[in-house]
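Here's the structure we're looking at; comments come further down.
Letters go in sequence order (proteins before strands), and every chain restarts at 1.
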Amino acid sequence: MSEGDESAALTELAKRRGFFFGSSEAYGGVGGFYTYGPQGAALKSNVEEAWRERFAVQEGNLEIEAPTIMPEPVFEASGHLDGFDDMLVECAECGESHRADHLIEDNSELEDAETLSPEEAAEKIADLGLVCPTCGADLAGQSVEDFNLMFETNIGPGSSTPGYLRPETAQGIFVEFPRIKEYARNSLPFGVTQVGRAYRNEISPRKSIVRTREFTQAELEHFIDPERDEADLSAVEDVEVLLYPATEQEADDGDYVETTIGEAVEDGVIGNAWLGYFLGIAQEWYETVGVDMDRFRFRQHLAGERAHYSSDCWDAESEVDGDWIEIAGFSYRSDYDLSKHGEYGDDDFTVFQQYDEPKTVERAVVDPDMATLGPEFGAQAADVADALETLAERDPDAFDADEVTLDIDGEEITVDTDVANFSVETQTEAGEHITPHVVEPSFGIDRTVYTLLAHAYETDEVDGEARSYLSLSPSVAPTNVGVFPLVSNVDELVDLADDVAAELRAAGFAVVYDDSGSIGRRYRRQDEVGTPFCITIDRDGLEGDGANTVTIRERDSGKQVRLPVDDLVGTLVGLRAGTASFDDVLDENEVVEA
RNA sequence: GCACCGGUGGUCUAAUGGUAAGACAUUGGCCUUCCAAGCCAAUUAUCUGGGUUCGAUUCCCAGCCGGUGCACCA
């Protein structure tokens, strides 16, 4: 398939066969919002379930579900309120939009232009006589527009409690950390996952479901003690990956690095073992759900691309139509998020870590005699006591004298040393409070779905007829199996087909029953939505040696075998789980020639 | 948000200043039919608003939606 055709063909298929389509089309449509049709919703749900199974259940992590709307202070703490806010100025001549704060900072001494109001920024642009970097036209007089990528709303009546739709699911995890750490019995490391919607009021949504204004993320926040918790790479060290490190991206003849997780971590290509671990299990997971690993890579963020608090960051990228699209990000976020919420929020975002051996320390302490200080200093008494405490920590020798001198808001105050009740005590410290570091694998579910569809889209020829089909993995295919009576006007065939369909549904399979038109048309229909297996009930399955048998056809090869009805559920369970291949089924049963 | 291109049944296309053609799909019927078979019949469309005009799906303007490029992507 040539470049450019893939997404066009996919979009057409997606609309026609119910994977996804632009939403609210009856009202003219709205940019950046998509509705998943029946096939797409099932596929997406299967992908989410597969992610849960791997990243929550198998890893022993904790899944939560936080609200999509949170109050303003959450986003003040997270930095989204400021950092997500862009000031744009548009050139009247050529129509280019530029970051107003960047223009001002580049052309003046000002280093914090983003703190200016839009009006102030517009004035500044006029004062500095700034011109459009693209065409050189004067920008004076152009208005500066504030654009925040978060959707704003009001919580409750009135506008006193502004809230925002979360721009990423992660904040819900960070904000609830104080409760979750209790649940986790204050023991690091532990991981918390969340699968849910996030919202960004994108300036320009593009490429169907690749960049939308409402999307689904699956995020894992793995909390560790950076001093103690080391990643165990034994399960992933031999996993082969295609890496595109920052150094290679910057080099003139930069190339991919084919290596294993173990080697990449050892050589320092991947800067952090925890990131290496998650890259490894992500690589394997993507393969099981059906990403074409020849069109998949891990790309390291360039230094300028990374947030300042992140020491290393990798994206998982898939290739569609010649473009690489980011489908997951793996970031070492240090203690940035929890520290910020600890600073802004009321609760304790630290974890108490016990030392292996309790430490004995000598500590200078005071126990100020408030009965004396109170009457003497009145309202200042508490400040004096605090100052004594501070002094004891900083300069215990000061208490050797008869008097100590304190500096209270610039005022010199002298008190008798006795009043302080100074002593040096021997204390036992069992541990310390630390702010955990966070390793964040963050997956874009919609982009994963898009990749799976694009990578699964195939065309070939069967008996001279062109066909298109989706070679989706049986583990995520929206419909597991089609059930067809060969013809619809023979009661015995229809009855057995009904029974088979009911039995498979009872066993938990998504079944499509279809008795319309020719058998070939029914196969094509299922091929096109990626149904991996179709079961046909024919006359040979009703009588004689073949009584109570059916044929099962595999989507990609079109090959068929005949097998007893009683074996169906067991066979399909193995095929869906990936513990059996269709080749195994071909070996064990009578092959039906077309 | 800007620029360019586009918007006709479910889908893909055609045509037109005088209400729209085809293919595929879909539905019903015939047919004991294993890979989009055939025959008969049926259903379904000019993105929205304004303007020009006797008359606009067609021409003009604006908007919306989509594609591409720019910018943006914390």
Original post:
For the pair made of CG in A:D540 and P in B:rU33, what is the distance, rounded to whole Å?
Top reply: 13 Å
Subject >> Side chain of A:R206 (C-beta onward), nearest among B:rA36, B:rG1, B:rG66 >> reply: B:rG1
**OP:** With heavy atoms under 4.0 Å as the rule, sort A:G37 into base, sugar-phosphate or nothing.
**Re:** nothing
**OP:** Send over the distance from A:R539 CZ to B:rC31 C1', rounded to a whole Å.
**Re:** 14 Å
Original post:
If you check the A:Y34 side chain, which of B:rC35, B:rU32, B:rG67 turns out closest?
Top reply: B:rG67
Original post:
Is A:R299 close enough and on-axis enough to A:W324, meaning under 6.0 Å and within 45°, for cation-pi?
Top reply: no
Subject >> C1' atoms of B:rU33 and B:rU13, separation to the nearest Å >> reply: 32 Å
**OP:** Indicate, with a heavy-atom threshold strictly under 4.0 Å, whether A:G22 touches base, sugar-phosphate, or nothing.
**Re:** nothing
Subject >> Distance in angstrom units between A:R467 CZ and B:rA36 C1', rounded >> reply: 11 Å
Original post:
Do A:Q560 side-chain and B:rC34 base share a donor-acceptor contact under 3.5 Å?
Top reply: yes
Using a cutoff of under 3.5 Å, can you pull out all pairs of nitrogen or oxygen atoms linking the protein to nucleotides 22-28 of chain B, with atom names and distances?
unit_1, atom_1, unit_2, atom_2, d
B:rA25, OP1, A:R521, NH1, 2.7
B:rU26, OP1, A:R525, NE, 2.8
B:rU26, OP1, A:R525, NH2, 2.3
B:rU26, OP2, A:R521, NH1, 3.1

**OP:** Scan A:T551 against the nucleic acid and name what it touches under 4.0 Å (heavy atoms): base, sugar-phosphate only, or nothing.
**Re:** base
Subject >> Integer-rounded Å distance: B:rG66 C1' and A:F20 CZ >> reply: 13 Å
Subject >> Separation of atom NZ in A:K15 from atom P in B:rG66, rounded to whole Å >> reply: 11 Å
Original post:
Between A:E25 (CD) and B:rA45 (P), how many Å, whole number?
Top reply: 16 Å
**OP:** Looking only at side-chain atoms of A:D538, point me to the closest of B:rC34, B:rU11, B:rA36.
**Re:** B:rC34
Subject >> A:E317 backbone acceptor or donor facing A:D315 side chain under 3.5 Å >> reply: no
**OP:** Report the distance from atom CD of A:E554 to atom P of B:rC34, rounded to the nearest whole Å.
**Re:** 21 Å
**OP:** Output yes when a side-chain donor or acceptor of A:T479 lies under 3.5 Å from a complementary backbone atom of A:V481, and no otherwise.
**Re:** no
Original post:
Any donor-acceptor pair under 3.5 Å between the side chain of A:Y27 and the base of B:rC64?
Top reply: no
Original post:
Taking the six-membered ring where the residue is Trp, are the ring centres of A:Y286 and A:F443 under 6.0 Å apart?
Top reply: yes
**OP:** For the side chain of A:T536, starting at C-beta, report the closest nucleotide among B:rC31, B:rC2, B:rC34.
**Re:** B:rC34
Original post:
Is A:E528 reaching over with its side chain to a backbone N or O of A:R17, donor-acceptor style, under 3.5 angstrom?
Top reply: no
Original post:
Cation-pi between A:R467 and A:Y469: NZ/CZ under 6.0 Å from ring centre and within 45° of the ring axis?
Top reply: yes
Original post:
Would you say the side chains of A:T549 and A:R562 form a donor-acceptor pair under 3.5 Å?
Top reply: yes
Subject >> Torsion-based syn/anti label for B:rU19, 90° from 0 as limit >> reply: syn
Original post:
For atom C1', what is the distance between B:rA15 and B:rA45, given to the nearest Å?
Top reply: 14 Å
Original post:
Whole-Å distance between B:rU68 C1' and A:R211 CZ?
Top reply: 14 Å
